[in-house]
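What you see below is based on every heavy atom in this structure, not just the backbone, and it leaves out hydrogens, waters and symmetry mates.
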2 protein chains.
Amino acid sequence: MGRATIHDVARVAGVSLSTVDRVLNGRETVRPGTRDRVEDAMRALNYVRNAAAANLARKRDFRFLFLLPGGQNTFMRMLEAEVGDYGQQFAADSVDIEVRTLPPFDAEALQSALKQIDPGSVSGVALVAVDTPGVRDAVRSLRAHGVPVVTLVSDLPSELREHFVGINNIWAGRTAASLLGRFCGRAAGHIAVVAGSTVLQDHAERYLGFQQVLSADFPHLVALPALEALDDAETAERLLSETLAQHDDIVGIYSLGAGNRGVVAAIDRLERSPPTVLHELTEYSRGWLLSGKIDAVIRQDPAREARSAIRTLVAMSNGKSFHRDENRVGIEIFLRDNLP
Amino acid sequence: MGRATIHDVARVAGVSLSTVDRVLNGRETVRPGTRDRVEDAMRALNYVRNAAAANLARKRDFRFLFLLPGGQNTFMRMLEAEVGDYGQQFAADSVDIEVRTLPPFDAEALQSALKQIDPGSVSGVALVAVDTPGVRDAVRSLRAHGVPVVTLVSDLPSELREHFVGINNIWAGRTAASLLGRFCGRAAGHIAVVAGSTVLQDHAERYLGFQQVLSADFPHLVALPALEALDDAETAERLLSETLAQHDDIVGIYSLGAGNRGVVAAIDRLERSPPTVLHELTEYSRGWLLSGKIDAVIRQDPAREARSAIRTLVAMSNGKSFHRDENRVGIEIFLRDNLP
DNA sequence: CGAAATATGATGTACGTTCGTCAAAACAGC
DNA sequence: GCTGTTTTGACGAACGTACATCATATTTCG
């Protein structure tokens, strides 16, 4: 009582194996009448192609290249680890994944890495995009050579890439504001915002979403201009400390980038720390949640993103559709009590 | 440049294909020296067994049985749908899933359904457990016959089942309290709690966790005794309305069970509605979040639970290890802004 | 009607693994 | 060194699909 095979389909449709194969893979012209008979048989038998056998016979070999920012950014390191991990698992499906790390925030490096890619030897590329004309151009050229490109975490204009794997950062910013706004209560004042760099689309979008909600729903709270800490802890600490010193009415802190060790260091020097929301769940932020130094963490799950990116690339290389829902990455909220 | 195959391993190890096979599948006795040579070769070549080919050759056919409570419970219906959905996807891997719904909370029905299972024709069972001696016994007997058993949503003592797929409800309750406590601000008063039935283990646990956090971190907030609404909307509306009329200092509402349409109906009649937290994301709760009638939803993702249960069963049937992390189900928090 | 064009069938090999059978080799004990 | 046991090798058939080649059947059109 196993599943139906193409043999069964052929038998039921009253045609040969070859014809079923032709219909199934759109190989040569098949007369409409014959095609219908085959398709009817497939429906009647509830035929599903055995993907395992198909890939085995195809002897497909995929090589995907992941371009990730290097440096200390914990999230990116987790993402790198997850991609490697998942690569192992997908190895069974003859998928080979190479991860290359590049200097962070370095558009030139990204651009030249993209240009060095030989379109013939790579079946797909995933990158954390830095949106500059040079990078756009390199991506365009890759795609022109038939290499699918997926953006990870930080996006490019949608016409440039096949797919984006990551969260909607405007909504992430909105979520942060909804949380922080409620956590702050009725007290009026300023919110200090620490960002990485405005060159990154995702950081700009988070700030935008944050302000949207703040001005609409919590007009007594005003976000200060984002501090550009370049994902560096020391810079973040310095800038935030300065700001905290300058303003005596800061009632909340939102850090939308990395370098959070600096943010917490600055908070630690305060007598009473205001409600604080950060991004990304690391061993540090987990500890800060548990110790009550911060109140909430917003994250995108690196494991999901890795999986989603690889699956998307595989699906695209197979010319198949893929479940959007399953591959969607959500905006997760963590408090002390729902840590994974 | 493809991946190494058993042929490569055999060549490098200087043994025959058969011997590699014997080592790989622990078939017959292989002398330790030979086994080592083979294992060294596998390591050297970074050999990974082609699971697709293996399953193809094995002609494995898995049949998993899911026993879920029937009835109106939206969450269970979503879970049922997801299991079916995922079953389709796994069909490619020759996994066949049958879902059987039983009268909800009916230990007798569950027990007899379990006893009717023919261990020979089923490779694994997942069930939403009702913990009674009869059910325990039926589960024990199934496992004794070599059928892996996974509990779903509601657990059994851990020595009885192979694995539990679901959330920790104490922590779910704690999460609710952490959110609601912060949302309520400094105002002192009571929190109204609506439950399904205190006889249900998971509801009791949520209430427990809720109170833990409330008394520890928000002592100015006091949870009223849980209203037993029996997951019925009308009952919930009546009980909650009564309570709201009796107490003029209710500053927050926590509904930890089903029947939330009634809860919201009661809130709707108030002039100013207090912060409200519910469980499970449905089309309704989603609407209430967007319209601002409620403030947060806590959920366990039915899609993840379905996937996780199936994956766990597949992995166990293959005698393979599985990624605990990947299969873990988290306690998710949704606000208006991070809805999926 | 017959030739050319088109559609279909028949057949075989391959993918990487499993599993069975049988023969050959290596080893043990005496 | 012979026998008996254990270990290994050689081979082949399957699993369900892909793909190529060649032969034959069917249609189309002048």
Worksheet item: Less than 4.0 Å between a side-chain N and a carboxylate O, is that true for A:R143 and A:E162?
Response: yes

Discussion item. Any salt bridge linking A:R299 with A:E332? Criterion: basic side-chain nitrogen under 4.0 Å from a carboxylate oxygen.
Written reply: yes

Worksheet item: Touch check for B:S18, heavy atoms < 4.0 angstrom, all strands: base, sugar-phosphate only, or nothing?
Response: base

Fill in: Earlier contact from the 5' end, DNA chain D, for A:H7 and B:G14
B:G14

Discussion item. Is there a side-chain contact between B:N25 and the phosphate of C:dT18, meaning an N or O under 4.0 Å from OP1 or OP2?
Written reply: yes

Response to the item:
Of D:dG9, C:dA7, D:dG16, the nucleotide closest to the side chain of A:T34 is C:dA7

Worksheet item: Of all the nucleotides listed (C:dC15, C:dT8, C:dT18), which has the minimum atom distance to the side chain of A:A57?
Response: C:dC15

Practice prompt. For the side chain of A:A53, starting at C-beta, report the closest nucleotide among D:dT17, C:dT18, C:dT8.
Written response: D:dT17

Worksheet item: Hey, does the side chain of A:R31 come within less than 4.0 Å of D:dT27's phosphate (OP1/OP2), counting only N and O?
Response: yes

Practice prompt. Quickly work out the A:R37 CZ to C:dA7 P distance and round it to whole Å.
Written response: 15 Å

Worksheet, complete the sentence: Ranking D:dT8, D:dA18, C:dT8 by distance to the side chain of A:R27, first place goes to D:dA18

Practice prompt. Starting from C1' on D:dC11, measure out to CD1 on B:I6 and report it in whole angstrom.
Written response: 14 Å

Discussion item. How many whole angstroms separate atom CD of B:E28 from atom C1' of C:dT18?
Written reply: 13 Å

Item to complete: Flag the pair A:D40 and A:R37 as a salt bridge only when some basic side-chain nitrogen lies within less than 4.0 angstrom of an acidic carboxylate oxygen.
Response: no

Worksheet item: Would you call A:E98 and A:R100 a salt bridge, using N to O less than 4.0 angstrom?
Response: yes

Worksheet item: A:N50 has an atom CG; how far is it from atom C1' of C:dC15, in whole Å?
Response: 13 Å

Item to complete: May I ask you to verify if any side-chain N or O of A:T5 is less than 4.0 angstrom from the OP1 or OP2 atom of D:dG16?
Response: no

Worksheet item: Does B:R22 have a side-chain nitrogen or oxygen under 4.0 Å from the phosphate oxygens OP1 or OP2 of D:dT8?
Response: no

Worksheet item: When you measure from the side chain of A:R49, which nucleotide among D:dA18, C:dC27, C:dT18 comes out closest?
Response: D:dA18

Practice prompt. Could you tell me the separation between the CG atom of B:L17 and the P atom of C:dT18, rounded to a whole number of Å?
Written response: 11 Å

Worksheet item: Mapping B:L56 and B:G33 onto DNA chain D by nearest heavy atom, which one lands closer to the 5' end?
Response: B:G33

Worksheet entry | Side-chain donor/acceptor of B:R161 to backbone N/O of B:L127, under 3.5 Å | no

Discussion item. Using whole Å, what does the distance between atom P of nucleotide D:dG16 and atom CZ of B:R58 come to?
Written reply: 15 Å

Worksheet entry | Selected nucleotide, minimal atom distance to A:D21 side chain, candidates D:dA18, C:dC19, D:dG16 | D:dA18

